[in-house]
Undergrad: 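Here you go, one structure.
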Amino acid sequence: MRARITGTGSYAPAKVLTNAQLERMVATSDEWIRERTGIRERRIAGAGEACSDLAVQAGRNALEAAGLSAADLDMILVATCTGDHPLPATACLVQHQLGATKAAACDVSAACCGFVYALSVADAYVKSGMRHVLIIGSEVMSAIMDWTDRNTCVLFGDGAGAAVVSAGDAEDDRGILSTHLHSDGKFNELIAVPGGGSRIPPSEKTVAERMQCVKMKGNETFKVAVRTLEEVARETLAANHLRVEDVDLYVPHQANVRILTAVMERLGVPPEKVVINLDRYGNTSAASIPIALDEAVRAGRIQNGSLVMLGAFGAGLTWASAMIRW
Ligand code: UT7
């Protein structure tokens, strides 16, 4: 028996922030952002709209697509680095809002890889007896942006994507074929929110120095991203005895179109087999893959039997992939 994705959903806040608007906030240009990243605009959560609010909308859409109600869920996993509060887990707020009365709930902290890590956890739980696990990548990155730092504030956006992972039929070989998770903490300082945790608790100083915001060494991150995304894709293909050309659709983490182009060229994947939506959303961290996946499903780019590969990369550093027979 395999675990299968039986429904996907997503949600993006209504407010759009364009490159032209950012030009009036920091010393940047639409041309620089488009050429260096591929991003044209991103969504920004409304006042009072938090991570769990986005997650609930995406989760409801995924449940509807799966034909399930919240009461059917055994577990809810929310992958996020921008939860509503340090405590409790955002997944518990989602569990309450959805009315998932019998579901366990916890968050997964693996930054941009969070959705693929959550998929791997859900896969393991379903294989060990759970029936339905709702996994959600949800981020309000705008809440941890330094809106005076052009190195980061042009890159990120808000949104949520979700998938229901369910037990498949015993004789059906479709489903999650494999997941591959990696980390290397020696790169922990490349992407970090340095203040506000137990290492440097919140204080007037941390706020004055904007230590509650994301700091990123983009160029160094870029190089590791290209290398590890290629490596983990090759590992995933080899583990399943598949060739690059067998894959119908590649759904990668949406950080930078130049990272994706470099990885696809190295692997030999043609552009029409790659889902790219970062032009409209920017980098939504853990939400990026499930939003792209949901859009691909709803556009008919993924059909029953399609071979879909996911690939993610992010803070930690972490990198991860999954191969799915839809
Ligand atoms: O999802 C988590 C994983 N994150 C990533 O994968 C991000 C990976 N990194 C990247 O996407 C790219 O490195 C960036 C888009 C962040 C930066 O692009 P880059 O080509 O690596 O640029 P750079 O950092 O080498 O900077 C080039 C120049 C610098 O100016 P000088 O020092 O050459 O004069 C920057 O100050 O571009 C400047 N710059 C900007 N200029 C206009 C940096 N940000 C901006 C900006 N607008 N927003």
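Index from 1, following the sequence. Remember, it's 1-based here, ligands and their atoms both numbered in the order they're listed.
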Undergrad: Around atom 16 (C) of ligand 1, find the nearest protein heavy atom and jot down its residue, atom name and distance.
TA: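 Among all protein heavy atoms, the one nearest atom 16 (C) of ligand 1 is L155 CD1, 3.8 Å.
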Undergrad: Any nitrogen or oxygen of T28 lying under 3.5 Å from a nitrogen or oxygen in ligand 1? Just yes or no.
TA: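 Yes, T28 has an N/O under 3.5 Å of an N/O on ligand 1.
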Undergrad: Among R150, M141, E23, whose heavy atom sits nearest atom 30 (O) of ligand 1?
TA: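 Answer by nearest heavy atom: R150.
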Undergrad: Go through ligand 1 atom by atom and flag the ones less than 4.0 Å from a non-hydrogen atom of C112.
TA: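 Atoms satisfying the 4.0 Å criterion: 1 (O), 2 (C).
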Undergrad: Looking only at side-chain N and O atoms, does Q21 offer a donor or acceptor that is under 3.5 Å from a partner on T18?
TA: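 Looking only at side-chain atoms, Q21 and T18 do form a donor-acceptor pair, the distance falling under 3.5 Å.
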Undergrad: Could you tell me whether atom 40 (C) of ligand 1 has a protein heavy atom closer than 4.0 Å?
TA: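 It does; a protein heavy atom is within 4.0 Å.
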Undergrad: Of all the non-hydrogen atoms in the protein, which one sits nearest to atom 43 (C) of ligand 1, and at what distance?
TA: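 Checking every protein heavy atom, the shortest distance to atom 43 (C) of ligand 1 gives N151 OD1, 3.3 Å.
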Undergrad: Identify the protein heavy atom lying closest to atom 7 (C) of ligand 1, giving its residue, its atom name and the separation to 0.1 Å.
TA: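 Result for atom 7 (C) of ligand 1: M216 CE, 3.6 Å.
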Undergrad: Return a yes/no value: protein heavy atom under 4.0 Å from atom 48 (N) of ligand 1?
TA: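 So far as the 4.0 Å threshold goes, atom 48 (N) of ligand 1 is in reach of a protein heavy atom.
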Undergrad: Are more than 12 heavy atoms from other residues, nucleotides or ligands located less than 6.0 Å from atom CD of E31?
TA: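 No, because the 6.0 Å sphere around CD of E31 holds 12 heavy atoms or fewer from other groups.
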Undergrad: What protein heavy atom is closest to atom 27 (C) of ligand 1, reported as residue, atom name and distance in Å?
TA: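 Heavy-atom neighbour on the protein nearest atom 27 (C) of ligand 1: R36 NH2, 4.0 Å.
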Undergrad: Using the rule given for side-chain hydrogen bond (donor to acceptor under 3.5 Å, both in side chains), can you reason through E231 versus H182, listing the C-alpha separation, both sets of side-chain angles and the distance that settles it, and then say yes or no?
TA: CA-CA 11 Å; E231 279 173 11; H182 297 278; over 6 Å; no
Undergrad: Determine, step by step, whether K273 and D248 satisfy the salt bridge (Lys or Arg N to Asp or Glu O under 4.0 Å) criterion, reporting the C-alpha distance in whole Å, the side-chain angles of both residues, the deciding distance to 0.1 Å, and the verdict.
TA: CA-CA 6 Å; K273 284 192 172 182; D248 295 304; 5.2 Å; no
Undergrad: Looking at K15, I'd like to know if its NZ atom is crowded, meaning that more than 12 non-hydrogen atoms belonging to other residues, nucleotides or ligands lie closer than 6.0 Å.
TA: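 Atom NZ in K15 is not packed in, count stays at 12 or less.
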Undergrad: Report the part of I191 (side chain from C-beta onward, or backbone N, CA, C, O) that has a heavy atom under 4.0 Å from ligand 1; answer both or neither where that applies.
TA: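 For I191, the contact with ligand 1 is made by the side chain alone.
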Undergrad: State whether the number of non-hydrogen atoms from other residues, nucleotides or ligands found under 6.0 Å of E64 atom CD is greater than 12.
TA: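 No, the 6.0 Å shell around CD holds no more than 12 heavy atoms from other groups.
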Undergrad: May I ask whether atom 33 (O) of ligand 1 is less than 4.0 Å from at least one protein heavy atom?
TA: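 There is no protein heavy atom less than 4.0 Å from atom 33 (O) of ligand 1.
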Undergrad: Please determine if S29 has a nitrogen or oxygen closer than 3.5 Å to a nitrogen or oxygen of ligand 1.
TA: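 Between S29 and ligand 1, no N or O pair is found under 3.5 Å apart.
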Undergrad: Are there over 12 heavy-atom neighbours, none belonging to R40, within less than 6.0 Å of that residue's CZ?
TA: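 No - once you tally the heavy atoms of other residues, nucleotides and ligands closer than 6.0 Å, there are 12 at most.
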Undergrad: For I33, is the nearest heavy atom under 4.0 Å from an atom of ligand 1?
TA: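 The answer is no: ligand 1 sits nowhere under 4.0 Å from a heavy atom of I33.
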Undergrad: Please state which part of N283 comes within less than 4.0 Å of ligand 1, counting heavy atoms only: side chain, backbone, both or neither.
TA: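 Near ligand 1, N283 shows its side chain, while the N, CA, C and O stay back.
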Undergrad: For N256, take its heavy atoms, then give the atoms of ligand 1 lying under 4.0 Å from any of them.
TA: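 Under 4.0 Å from N256, ligand 1 has these atoms: 10 (C), 11 (O), 12 (C), 15 (C).
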Undergrad: Is it true that, when you exclude E272 itself, more than 12 heavy atoms of the residues, nucleotides or ligands shown sit nearer than 6.0 Å to its CD?
TA: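 Check passes, neighbour count above 12.
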Undergrad: With no hydrogens and no angle check, just 3.5 Å: does a side-chain donor-acceptor pair link N240 and S178?
TA: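 Short answer, yes.
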Undergrad: Using a 4.0 Å heavy-atom threshold (strictly under), name the region of T37 that reaches ligand 1: side chain, backbone, both or neither.
TA: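 It is the side chain that gets close, since no backbone atom is under 4.0 Å.
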Undergrad: Nearest non-hydrogen atom to atom 45 (C) of ligand 1 belongs to which of F313, W32, F156?
TA: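 Considering heavy atoms of F313, W32, F156, the nearest to atom 45 (C) of ligand 1 sits in W32.
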Undergrad: Could you list the atoms of ligand 1 found under 4.0 angstrom from a heavy atom of I259?
TA: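 Within the 4.0 Å cut-off of I259, ligand 1 contributes 6 (O), 8 (C).
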Undergrad: Looking just at side-chain N and O atoms, do T80 and E139 make a donor-acceptor pair shorter than 3.5 Å?
TA: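 Yes.
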Undergrad: So if I count the atoms of ligand 1 from 1 in the order they appear, which ones are less than 4.0 Å from some heavy atom of V154?
TA: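 Those atoms are 48 (N).
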Undergrad: I'd like to know if the side chain of H253 pairs up with that of S288 as donor and acceptor (distance under 3.5 Å, no hydrogens or angles considered).
TA: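 A pair is found: one side chain offers a donor N or O, the other an acceptor, under 3.5 Å apart.
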Undergrad: Do L317 and V193 sit in one hydrophobic cluster, given that two such residues count as connected whenever their side-chain heavy atoms are within less than 4.5 Å of each other, even indirectly?
TA: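 In one cluster with L317: V193, yes.
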Undergrad: In ligand 1, which numbered atoms sit nearer than 4.0 Å to a non-hydrogen atom of A255?
TA: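 Numbered from 1, ligand 1 contributes 1 (O), 5 (C), 6 (O).
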Undergrad: List every atom of ligand 1 that sits less than 4.0 Å from any heavy atom of R258, numbering the atoms from 1 in the order shown and giving each element.
TA: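 Checking each atom against R258, I get 18 (O), 19 (P), 20 (O).
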Undergrad: Which protein non-hydrogen atom lies closest to atom 24 (O) of ligand 1, naming both residue and atom, and how far is it?
TA: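 Looking only at protein heavy atoms, the one closest to atom 24 (O) of ligand 1 is N219 CB, 4.2 Å.
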Undergrad: Examine the side chains of D294 and T8 and answer whether a donor and an acceptor come within less than 3.5 Å of each other.
TA: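 Yes, because at least one side-chain N or O of D294 sits under 3.5 Å from a partner of the opposite role on T8.
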Undergrad: Please report which non-hydrogen protein atom sits nearest to atom 8 (C) of ligand 1, along with the residue it belongs to and the distance in Å to one decimal place.
TA: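 Sorting protein heavy atoms by distance from atom 8 (C) of ligand 1 puts G218 O, 3.6 Å first.
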Undergrad: Does ligand 1 have an atom under 4.0 Å from some heavy atom of L22?
TA: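 The answer is no: ligand 1 sits nowhere under 4.0 Å from a heavy atom of L22.
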Undergrad: Assess, by modelled atom type and distance only, whether the side chains of D123 and S120 contain a donor and an acceptor separated by less than 3.5 Å.
TA: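 Absent: no donor and acceptor within the cut-off.
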